[in-house]
**Student:** 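Shown below is the structure under consideration.
The figures that follow rest on heavy atoms only: side chains count, while hydrogens, waters and symmetry mates do not.
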Amino acid sequence: MLDELIGEGYEYDLNEIEKLMEYVDDPAIQNQFLDIKRQRKEILAKLVKDRCGVEIDPNSIFDVQAKRLHAYKRQLLNALHIIYLYQRMKEDPSFTITPTTFIFAAKAAPAYYFAKKVIKLINSLGDVINNDPAVNSMLKVVFIPNYSVSIAEVLMNAADVSEQISTAGKEASGTGNMKFMMNGAITLGTLDGANVEIDERVGRDNDVIFGLTVDQVTELKKNYNAWDYYNGDERLKKAIDSLVDGTWAADHDEFKLIFDELMYKNDEYLLLADFDSYVRAHEEIQRRYGDRGQWAKSCLINIAKSGYFSSDRTIQQYADEIWHIKPVRIDDK
């Protein structure tokens, strides 16, 4: 599609991809993009069926968090939100959402026991939710094992939503958010790492930003008490209690380590503080996804603005501003 619209120059100079901005309001191009995205989602659905044995609906929102499993990257916040949705659906049959498939892909360091427990929890959520006929037409959870570049090649271009939810101030070097952006996924994230630069380029109409800022994190840390949030938000309390009440494992101690990390080690990465804002961010995603033309426009704008993240631009900036290297023609004497 890009080749037809703007030529192939972007393959050699990614700045040229911004020519796509001329077409983002064109309904025919929006529909063409959505058709291509649908094809990519079908390819991912087949991979998930083959690797995980789970049927997922390409018509659902594909909400993806794919990155190293670490406490500061907060896959657990994503999981707590899924638990909240599941509990609310079970308690209130009138509560509905646009069908959503939450897809995780990650690896954890071999000795990182907490991260391994989070992986186990995500898989347990999938076991329960995907097999519950009361909710599984609206909600599915998938953990793709053994995350690799080959999986990323299928996963990133099928994503509708890119989860970039690390605690503000903790992410230094992540680049997955750029790759999702380039493939037409909407960033749902904190103002952390390259999310800040993505937000500057696409604007708040074309991403969804939530949570504490770096300065707010620093200030809150001085007197933070996880129990205040736990006791002050019934949604949070129910979700956290489910970690140790047998909902997700017959052994009530299976996920006690996670409970203890949140409550008795005072929630180091402020998941509880950002929970309400995160819930509202997902509600905003749901609202925007309902307007398919506007959603496609936002995706196209993200693609068009992704040229800034080219390594060519980065090296040029280093050459100009840090190394002060002047370009020299190869045939200059």
**Student:** Okay, side chain of S137, backbone of P133: is any donor-acceptor separation there less than 3.5 Å?
**Tutor:** no

**Student:** Verify side-chain contact (heavy atoms from CB on, under 4.5 Å) between F104 and I122, making sure each step is shown before the conclusion.
**Tutor:** CA-CA 8 Å; F104 296 82; I122 293 166; 3.5 Å; yes

**Student:** Hey, what do you get for OG (S162) to CE (M182), rounding to the nearest 0.5 Å?
**Tutor:** 12.5 Å

**Student:** Show every salt bridge (Lys or Arg N to Asp or Glu O under 4.0 Å) that has at least one partner inside residues 82-109, sequence neighbours left out.
**Tutor:** K90-D132, E91-K238

**Student:** Would you please say whether a donor-acceptor pair under 3.5 Å links the side chains of T187 and D207?
**Tutor:** no

**Student:** Treating Ile, Leu, Val, Met, Phe, Trp and Tyr as nodes and any side-chain heavy-atom pair under 4.5 angstrom as an edge, say whether I240 and Y229 lie in one connected cluster.
**Tutor:** yes

**Student:** Which residue pairs pass the salt bridge (Lys or Arg N to Asp or Glu O under 4.0 Å) test with at least one member in residues 49-68, sequence neighbours excluded?
**Tutor:** K46-D50, K49-E55

**Student:** Do L191 and M178 belong together in a cluster built from hydrophobic side chains that touch within less than 4.5 Å?
**Tutor:** no

**Student:** Could you tell me whether the side chain of N302 reaches within less than 4.5 Å of the side chain of I186, counting heavy atoms only?
**Tutor:** yes

**Student:** Surrounding OH of Y318 (heavy atoms of other residues, nucleotides or ligands, distance under 6.0 Å), is the total greater than 12?
**Tutor:** no

**Student:** Which hydrophobic side chains are connected to L155, either touching it within the sub-4.5 Å cutoff or through other members that do?
**Tutor:** I43, L44, L47, V48, V54, I56, F62, V64, I103, V142, I144, Y147, I151, V154, M156, F180

**Student:** Hydrophobic cluster mates of Y12, side-chain heavy atoms under 4.5 angstrom, ILVMFWY only, any path?
**Tutor:** none

**Student:** So, taking the atom named CE in M138 and the one named CD1 in I61, what distance separates them when rounded to the nearest 0.5 Å?
**Tutor:** 12.5 Å

**Student:** Any side-chain heavy atom of F309 sitting closer than 4.5 Å to one from M181?
**Tutor:** yes

**Student:** May I have the step-by-step check of salt bridge (charged side-chain N to carboxylate O under 4.0 Å, His left out) for K37 and D160, ending in yes or no?
**Tutor:** CA-CA 8 Å; K37 178 66 80 169; D160 294 308; 5.2 Å; no

**Student:** May I ask you to decide if D205's main-chain N or O and R288's side chain share a donor-acceptor pair within less than 3.5 Å?
**Tutor:** yes

**Student:** So, N157 side chain and E153 main chain: donor-acceptor pair closer than 3.5 Å or not?
**Tutor:** yes

**Student:** Ignoring hydrogens, what is the shortest heavy-atom contact between L121 and A79? Give both atom names and the distance.
**Tutor:** CD2-CB, 4.4 Å

**Student:** Between E163 and Y278, does any side-chain donor sit less than 3.5 Å from a side-chain acceptor?
**Tutor:** yes

**Student:** Given the rule in the side-chain contact (heavy atoms from CB on, under 4.5 Å) test, do T190 and I209 qualify, once you have shown the distances and angles that lead to the verdict?
**Tutor:** CA-CA 5 Å; T190 52; I209 299 298; over 6 Å; no

**Student:** Below 4.5 Å, heavy atoms only, C-beta onward: do I303 and N183 meet side chain to side chain?
**Tutor:** no

**Student:** Identify whether the distance between the nearest side-chain nitrogen and carboxylate oxygen of K19 and E22 falls below 4.0 Å.
**Tutor:** no

**Student:** Keeping the roles fixed (side chain from Q286, backbone from I97), state whether a donor-acceptor pair exists under 3.5 Å.
**Tutor:** no

**Student:** Using modelled atom types only, decide if a donor and an acceptor are shared between the side chain of D253 and the backbone of K256 within a distance under 3.5 Å.
**Tutor:** no

**Student:** CD1/I301 to OH/Y23 distance, rounded to the nearest 0.5 angstrom?
**Tutor:** 15.5 Å

**Student:** Would you name the heavy atoms of L69 and Y112 that are closest together and state the gap between them?
**Tutor:** O-CE1, 3.8 Å

**Student:** Assess the side chains of T100 and S60: does a donor N or O sit below 3.5 Å from an acceptor N or O?
**Tutor:** no

**Student:** Do the non-hydrogen side-chain atoms of L272 and L262 ever get within less than 4.5 Å of each other?
**Tutor:** yes

**Student:** Is there a side-chain contact between F255 and T247, using heavy atoms and a 4.5 Å cut-off?
**Tutor:** no

**Student:** Can you pull out every salt bridge (Lys or Arg N to Asp or Glu O under 4.0 Å) where at least one residue sits in residues 172-197? Sequence neighbours excluded, please.
**Tutor:** none

**Student:** Would you confirm whether the ring centroid of W248 sits within less than 6.0 angstrom of the ring centroid of Y86?
**Tutor:** yes

**Student:** For the side chain of N78 and the backbone of R74, is there at least one donor-acceptor N/O pair under 3.5 Å apart?
**Tutor:** no

**Student:** Using a 6.0 Å cut-off, check whether atom CD of E4 has over 12 heavy atoms from anything other than its own residue.
**Tutor:** no

**Student:** Could you report the tightest heavy-atom contact between L257 and Y113, atom names first, then the distance?
**Tutor:** CD2-CD2, 3.6 Å

**Student:** For G211 versus D274, what's the shortest heavy-atom pair and its separation?
**Tutor:** CA-OD1, 3.2 Å

**Student:** In Å and rounded to the nearest 0.5 Å, what is the CZ to CG distance from R292 to L34?
**Tutor:** 5.0 Å

**Student:** Donor-acceptor pair, distance only, cut-off 3.5 Å: does the side chain of K221 make one with the backbone of L270?
**Tutor:** no

**Student:** Is a side-chain donor or acceptor of K41 paired with a backbone partner of P58 at a separation under 3.5 angstrom?
**Tutor:** yes

**Student:** Quick one, K170 and Y269 - any side-chain contact, counting heavy atoms below 4.5 Å?
**Tutor:** yes

**Student:** Aromatic contact between H282 and F210, with the criterion being ring centroids under 6.0 Å apart: yes or no?
**Tutor:** no

**Student:** What about I83 and V279, same hydrophobic cluster or not, with Ile/Leu/Val/Met/Phe/Trp/Tyr joined at side-chain heavy-atom distances under 4.5 Å?
**Tutor:** yes

**Student:** Do you reckon W295 sits in the same ILVMFWY cluster as M21, going by side-chain contacts under 4.5 Å, direct or chained?
**Tutor:** no

**Student:** Treating Ile, Leu, Val, Met, Phe, Trp and Tyr as nodes and any side-chain heavy-atom pair under 4.5 angstrom as an edge, say whether M263 and L220 lie in one connected cluster.
**Tutor:** yes

**Student:** Got a salt bridge between D233 and K237, using NZ or NE/NH1/NH2 to carboxylate O under 4.0 Å?
**Tutor:** no

**Student:** Give a yes or no on whether the backbone of Q164 and the side-chain of N195 come within a donor-acceptor separation of less than 3.5 Å.
**Tutor:** yes

**Student:** Distance from Y84 atom OH to S242 atom OG, nearest 0.5 Å?
**Tutor:** 14.0 Å

**Student:** Begin with the C-alpha distance, continue with both residues' side-chain angles, and end with the deciding distance and a verdict on side-chain hydrogen bond (donor to acceptor under 3.5 Å, both in side chains) for D267 and Y224.
**Tutor:** CA-CA 9 Å; D267 182 23; Y224 187 65; 2.5 Å; yes

**Student:** Once salt bridge (Lys or Arg N to Asp or Glu O under 4.0 Å) is applied, what residue pairs with a partner in residues 117-126 remain, sequence neighbours excluded?
**Tutor:** K117-E254, K120-E254

**Student:** Considering only heavy atoms from C-beta outward, does the side chain of D26 approach that of Q30 to under 4.5 Å?
**Tutor:** no

**Student:** Quick one: CG on L212 to OG on S277, what's the gap to the nearest 0.5 Å?
**Tutor:** 7.5 Å

**Student:** Which atoms form the tightest heavy-atom contact between I82 and V141, and what is the distance?
**Tutor:** CG2-CG2, 3.7 Å

**Student:** As a quick check of understanding, evaluate side-chain hydrogen bond (donor to acceptor under 3.5 Å, both in side chains) for N59 and R38, giving each step before the final call.
**Tutor:** CA-CA 8 Å; N59 293 312; R38 165 70 191 220; 2.3 Å; yes

**Student:** Between Y308 and R201, is there a cation-pi geometry (under 6.0 Å to ring centre, at most 45° from the normal)?
**Tutor:** yes

**Student:** At their closest point, which heavy atom of I165 faces which heavy atom of K73, and how far apart are they?
**Tutor:** CG1-O, 3.6 Å

**Student:** Look at R287 together with E284 and state whether they make a salt bridge at an N to O cut-off of under 4.0 Å.
**Tutor:** yes

**Student:** In terms of side-chain geometry, is the basic nitrogen of K265 or D260 positioned less than 4.0 Å from the acidic oxygen of its partner?
**Tutor:** no

**Student:** Any side-chain heavy atom of L20 within less than 4.5 Å of one from L5?
**Tutor:** yes

